[in-house]
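This report refers to the structure that appears directly beneath it.
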Amino acid sequence: MEFIYYLLKVSICLALFFGTYVLFLKKLSFFKGNRAYLVATLLLSFTIPSLKFERSPEIIAPRFFGDYDTVEHISGKSLSPIVISDATGSLSLSDLFFYTYLLVMLIFLSVSFFKIYKLIRYADAEFTRIDGLKVIYKKSGFVNCSFFNYVFIDRDSLTKNEMQILLAHERVHAKQLHTLDKLVLLLCKSLLWFNPVIYWYEKDLEEVHEFEADQITATEFSADTYANLLIGLASKKPSNPILHSFSRQPLKTRIVRLFTKTSSPRLRWSYLTIIPLLVCLSWIFAFKAPDISLKQVAGNSNFVLVLDAGHGGTDKGAEGGGILEKDLALLILQKVNSIANERNVKVVTTRNIDQYLSLKDRVKSKGDLLVSFHLGQDIDPKINGIQLLVGNAGADSVKRKRLDQISYQLYKNLSQLKGIAVDNTPKEVESLYILNKSSAPAIILELGYLSNKNDRDYLTNPVKQEELANTIVSSIIEYNTILNREK
């Protein structure tokens with residue numbers, strides 16, 4: 001579903017950019033500028049929702065540790081290994097939407113690749129080179145059109161002068177690489193097949209291509225002669241939309257454009273309308289305000305998640321490869337907090353800055369689940385992987401069931417991550433204050449070992465951090481869904 005949400009954001013950007021084009025730019029005769037706007041905003045629509053501007057605490061620059069003290073090992077009882085069930089249920093509505101989308105997208109791509117394949121086959125035919133163009137003469141199918149520098153012409157239907165005009169027109173398409181725009185649009189259309197705006201983009205971009213070619217070609221030949229040729233070839237339309245056809249676009253608009261006075265150079269300032277739109281879209285979709293409060297609550301769910309970053313302040317925790325546990329645990333917490341807020345989960349954090357907190361302060365916040373982030377260290381650098389630690393629920397069967405459920409959801413999803421191991425045997429620890437004194441079910445996530453290079457590289461990779469944070473949030477949401485079903 002994350003990908004579907006991303007495409008919806010892309011669609012919103014696309015609609016706003018296109019609306020701006022129609023209102024302020026479409027009637028201008030700066031066809032190169034209009035083309036640049038349409039292509040650039042198409043790419044920006046896909047780029048902006050994928051960006052994230054946020055401030056995170058800096059990890060201390062790596063420095064060499066010749067040796068370090070071994071951190072005290074946590075002893076506890078290993079619980080039963082978690083076994084992922086292979087239950088096969090019916091598809092959810094969101095899964096059905098996604099697979100339907102995927103199927104239609106694959107159909108669009110297959111049809112597009114087939115059309116490109118057909119063109120490549122025609123391009124292997126014998127051609128005549130004329131002023132940088134590869135001219136292929138043919139009488140049927142798509143004629144009087146071009147694909148990159150390949151031009152397909154029915155010479156029997158054209159006079160010598162008409163052929164010169166047509167070649168001059170197609171030469172503009174080839175030099176300006178208009179076909180490349182079409183291929184990019186073809187891919188975007190396959191991804192956004194459900195969005196009508198992408199089809200308007202396609203129509204207007206092709207229209208701008210023809211206007212640009214008409215404008216340049218008409219300076220070499222009489223505008224009247226050029227317009228007559230457009231009308232004469234109006235019935236010759238190609239079946240392949242990847243091609244640039246000499247007479248495919250609505251002729252009335254093109255002929256009117258030929259005899260319309262060019263726009264005043266002062267109107268080029270109209271393109272600056274994109275700046276406030278870019279700022280607004282980037283602010284809405286890309287900028288993430290940093291957390292500045294010690295306890296931040298966001299979202300509209302009744303479920304409250306308490307997040308804790310281990311150690312802090314003078315208590316630096318484990319060390320390895322120049323990385324401090326207190327810094328990395330805080331960084332992961334902030335990423336989890338940000339994603340949880342995006343997905344409407346209320347979050348309370350014990351600390352958002354590098355500060356020391358007593359154990360009593362860490363369990364003071366009220367919530368439905370407490371997750372504490374830590375990292376390990378061992379004298380044996382081969383020890384690695386994520387470990388789940390839970391407290392002793394004693395005679396509280398409800399709390400025990402909750403701990404089993406969150407352990408299962410976390411292991412099920414974390415074990416799908418590539419690049420880091422996950423222990424499938426949670427450890428029950430009686431001696432840890434935060435696990436036993438928390439009013440809510442509490443779990444400690446040992447996210448890996450700083451003394452292990454593979455774990456350290458994984459946990460300091462920004463891309464992997466995002467994957468890890470997303471997985472943790474998804475596990476918690478699944479856990480909350482199970483709680484709601486049982487009510």
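Every residue was checked against the salt bridge (charged side-chain N to carboxylate O under 4.0 Å, His left out) condition with Glu220, not counting sequence neighbours, and none meets it. Shown here are the salt bridge (charged side-chain N to carboxylate O under 4.0 Å, His left out) partners of Asp368, two or more places apart in sequence or in another chain: there are none.
Using modelled atom types and a 3.5 Å distance limit, the side chains of Glu325 and His311 yield a donor-acceptor pair. In the model, Gln409 has no side-chain atom that pairs as donor or acceptor with a side-chain atom of Ser475 under 3.5 Å.
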With ring pair (Phe, Tyr, Trp, His ring centres under 6.0 Å) as the criterion, how do Phe31 and Phe211 come out once you've worked through the C-alpha distance, each side chain's angles and the decisive distance to 0.1 Å? CA-CA 7 Å; Phe31 304 126; Phe211 289 163; 5.3 Å; yes
For Asn352 and Thr349: C-alpha separation, side-chain torsions, deciding distance, then whether side chain to side chain donor-acceptor pair (under 3.5 Å) applies. CA-CA 7 Å; Asn352 278 321; Thr349 56; 2.9 Å; yes
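The backbone N or O of Leu333 sits nowhere less than 3.5 Å from a side-chain atom of Asn337 that would complete a donor-acceptor pair. Using modelled atom types, one side-chain atom of Tyr199 and one backbone atom of Trp193 make a donor-acceptor pair closer than 3.5 Å. Using a distance-only test at 3.5 Å, with no hydrogens or angles considered, no donor-acceptor pair links the side chain of Arg121 to the main chain of Ile116. At least one donor-acceptor pair under 3.5 Å links the side chain of Tyr271 to the backbone N or O of Asn34. Looking only at distances, a side-chain donor or acceptor of Ser270 sits under 3.5 Å from a matching main-chain atom of Leu267. Thr41 places a side-chain N or O within donor-acceptor distance of the main-chain N or O of Tyr37, the cut-off being under 3.5 Å.
Between His178 and His209, the two ring planes are parallel [angle under 30°; tilted spans 30° to 60°].
Geometrically, Lys138 engages Tyr122 in a cation-pi contact, judged by NZ or CZ lying under 6.0 Å from the ring centre and within 45° of the ring axis. For the pair Lys134 and Phe127, the cation-pi test (distance below 6.0 Å, angle within 45°) is passed.
Note: Phe142 and Phe152 meet the aromatic proximity criterion, with ring centroids under 6.0 Å apart.
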Please tabulate, for the side chains in residues 16-26, all donor-acceptor contacts under 3.5 angstrom to protein atoms that are two or more places apart in sequence or on a different chain.
| unit_1 | atom_1 | unit_2 | atom_2 | d |
| --- | --- | --- | --- | --- |
| Thr20 | OG1 | Leu16 | O | 2.9 |
| Lys26 | NZ | Asp204 | OD2 | 3.1 |

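A distance of 9.5 Å separates CG of Leu450 from CG of Leu447, quoted to the nearest 0.5 Å. To the nearest 0.5 Å, atom CG of residue Asn195 and atom CD1 of residue Ile12 are 10.0 Å apart.
Lys412 has a carboxylate O that lies under 4.0 Å from a charged side-chain N of Glu478, or vice versa, which qualifies the two as a salt bridge.
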